[in-house]
Peer 1: 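Structure provided below as structure tokens; questions to follow.
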Amino acid sequence: MGTLEDIVREVLLKIHTHRDLYARNEEAVKQHIIGPIFRTLGWEWDNPFEVRPEEKTEDGRADYGLILDGKVFAYVEAKNLRVNIAKNEKPLRQLGRYCFNAGVKYGILTNGAFWIVLKAFEENSRLSDRILLKIDLENEPLEKSVFKLSLLSKDKIREVERLSSLLRAFELSFNGLRREDFDEDILISYLRAGRSNFISVDRLTGIETPKTAYVNDNGWKAIPLSEQSLHGVLLAVLLYLYTKKEGAEKREIKQVYEHLGRIQLEPSKILSLLKVIEEEEGINIAVEL
């Protein structure tokens, strides 16, 4: 399976080549567009513990229910490409009713090319106020579409409301400064300079005292430290991997974590282990001093 960017490119080519098909056939939109995108976002599309098609509600059937922790976290409603969900509020209101009647907080509406993520209910708010994300695959830069879609990944969707709020604040601030004639490159340099004490594992000497650890696993994530030391970083990384694994791998990491938690290692040995983890897991590890 390719990256999310690769899949979005493939989807755009399908829409361009077979627009008439997707304009009249909702099932083709589900099979050829929606399914591949969600699979790339980490959802096991054929696993009923994660995705349930034709999920029944009091007001009708939602096309899919996305399951987290054994409960429906979000409904997904599909339309054919002829339905202009960007301007026609009727499908969005329908999705909102599905969510509201079932007590499901979030809904995702898409015709394949346009995506809307909705917070289904909030007191004293209008429908337009509760739209968290709009994603226009055909008419906005690919990088923006891919980034916003990534917030629907199985790893990030729990935080979709908070992350979409941060994204809006970031865009407003950045665009506001651009309107004040600040150069875009200078603004980006300023943002990147915010982590002057952000150091990758391969640049560490072993004498540092890290305040925070980070893992780059489809985006940088901060991971908490039980102790501000390289030993703490190693344990934090193992604990992070433990939460992502299943079966025998999960048990093996637990055993390693418990063993290393009881012994002291030389800094050079810890750095070597962290580099091995980077290579074997395909991730990057860094610390903030």
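Just so it is clear, the values below take in all heavy atoms, side chains as well, and ignore hydrogens, waters and symmetry mates.
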Peer 1: Under 4.0 Å between a side-chain nitrogen and a carboxylate oxygen: does that hold for R39 and D46?
Peer 2: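 Judged by the 4.0 Å cut-off on N to carboxylate O distance, R39 and D46 do form a salt bridge.
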
Peer 1: Regarding K119 and E161, does a basic nitrogen lie under 4.0 Å from an acidic carboxylate oxygen?
Peer 2: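 The answer is yes: the pair qualifies as a salt bridge.
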
Peer 1: With sequence neighbours left out, what residues match Y64 under side chain to side chain donor-acceptor pair (under 3.5 Å)?
Peer 2: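 Result, side chain to side chain donor-acceptor pair (under 3.5 Å) vs Y64: none returned.
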
Peer 1: I'd like to know if R162 pairs up with E159 as an ion pair, taking the criterion as any Lys NZ or Arg NE/NH1/NH2 lying under 4.0 Å from an Asp or Glu carboxylate oxygen.
Peer 2: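 So R162 pairs with E159 through a salt bridge.
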
Peer 1: What pairs with K105 under side chain to side chain donor-acceptor pair (under 3.5 Å), at least two apart in sequence or on another chain?
Peer 2: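 Once residues adjacent in sequence are excluded, K105 has no partner under the side chain to side chain donor-acceptor pair (under 3.5 Å) criterion.
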
Peer 1: Could you work out, with ring pair (Phe, Tyr, Trp, His ring centres under 6.0 Å) as the rule, every residue matching Y22, not counting sequence neighbours?
Peer 2: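 Only H32 meet the ring pair (Phe, Tyr, Trp, His ring centres under 6.0 Å) criterion with Y22.
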
Peer 1: Can you name the side chain to side chain donor-acceptor pair (under 3.5 Å) partners of E58, sequence neighbours left out?
Peer 2: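 Counting only residues at least two positions away or on another chain, E58 forms no side chain to side chain donor-acceptor pair (under 3.5 Å).
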
Peer 1: Does some side-chain heavy atom of I188 sit less than 4.5 Å from a side-chain heavy atom of F174?
Peer 2: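 In contact.
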
Peer 1: With hydrophobic residues grouped by side-chain heavy-atom distances under 4.5 Å, do V29 and V8 end up in a single group?
Peer 2: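 Yes, it is one cluster - the side chains of V29 and V8 are joined through contacts under 4.5 Å.
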
Peer 1: Checking salt bridge (Lys or Arg N to Asp or Glu O under 4.0 Å) for the pair K14/E10: CA distance, chi angles, key distance, verdict?
Peer 2: CA-CA 6 Å; K14 288 177 183 177; E10 290 178 14; 5.4 Å; no

Peer 1: Got a salt bridge between K79 and E77, using NZ or NE/NH1/NH2 to carboxylate O under 4.0 Å?
Peer 2: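 Yes, K79 and E77 are salt-bridged.
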
Peer 1: May I ask you to decide if the ring planes of F38 and W45 are parallel, tilted or perpendicular, using 30° and 60° as cut-offs?
Peer 2: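 Ring orientation, 0 to 90° scale: parallel.
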
Peer 1: With a 4.5 Å cut-off on side-chain heavy atoms, are R24 and N80 touching?
Peer 2: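 Result no, sub-4.5 Å side-chain heavy-atom pair not found.
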
Peer 1: Please determine if D6 and R9 form a salt bridge, counting it only when a charged side-chain N lies under 4.0 Å from a carboxylate O.
Peer 2: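 The answer is no: the pair does not qualify as a salt bridge.
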
Peer 1: When you measure from the side chain of N88 to the backbone N and O of I85, does any donor-acceptor pair fall under 3.5 Å?
Peer 2: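 Side chain of N88 to backbone of I85: no pair is present.
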
Peer 1: Before accepting this row, confirm whether a basic side-chain N of the pair D217/K244 lies closer than 4.0 Å to the acidic partner's carboxylate O.
Peer 2: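 Salt bridge flag = yes for K244 with D217.
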
Peer 1: In chain order, what residues pass the side chain to side chain donor-acceptor pair (under 3.5 Å) check against Q31, with sequence neighbours excluded?
Peer 2: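 Testing Q31 for side chain to side chain donor-acceptor pair (under 3.5 Å), a comparison that skips the adjacent residues, returns E27.
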
Peer 1: Shortest non-hydrogen contact from F147 to L167?
Peer 2: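 Residues F147 and L167, closest heavy atoms: CE2-CD1, 3.8 Å.
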
Peer 1: Side-chain contact test, heavy atoms from C-beta onward, threshold under 4.5 Å: evaluate it for W43 versus L66 and give yes or no.
Peer 2: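 When only atoms from C-beta onward are counted, L66 and W43 do touch, with a gap below 4.5 Å.
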
Peer 1: So L149 and L137, do their side chains get closer than 4.5 Å, heavy atoms only?
Peer 2: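 Yes, side chains in contact.
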
Peer 1: Counting only heavy atoms not in F182, do more than 12 sit closer than 6.0 Å to its CZ atom?
Peer 2: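 Open.
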
Peer 1: For residues E138 and I15, determine if any side-chain heavy atom of one lies less than 4.5 Å from a side-chain heavy atom of the other.
Peer 2: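 Yes, at least one pair of side-chain atoms sits under 4.5 Å.
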
Peer 1: Hey, does L41 have a side-chain heavy atom less than 4.5 Å from the side chain of L4?
Peer 2: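 Of all side-chain heavy-atom pairs linking L41 with L4, at least one is under 4.5 Å.
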
Peer 1: Would you sort out whether R168 and E171 count as a salt bridge (Lys or Arg N to Asp or Glu O under 4.0 Å), showing the intermediate values?
Peer 2: CA-CA 5 Å; R168 284 196 301 273; E171 289 180 335; over 6 Å; no

Peer 1: Report, one line per pair, each donor and acceptor closer than 3.5 Å where one atom sits in a side chain of residues 254-277; sequence neighbours left out.
Peer 2:
unit_1	atom_1	unit_2	atom_2	d
R262	NH1	E258	O	3.3
S272	OG	S268	O	3.0

Peer 1: Is there a side-chain contact between L118 and L127, using heavy atoms and a 4.5 Å cut-off?
Peer 2: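 Of all side-chain heavy-atom pairs linking L127 with L118, at least one is under 4.5 Å.
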
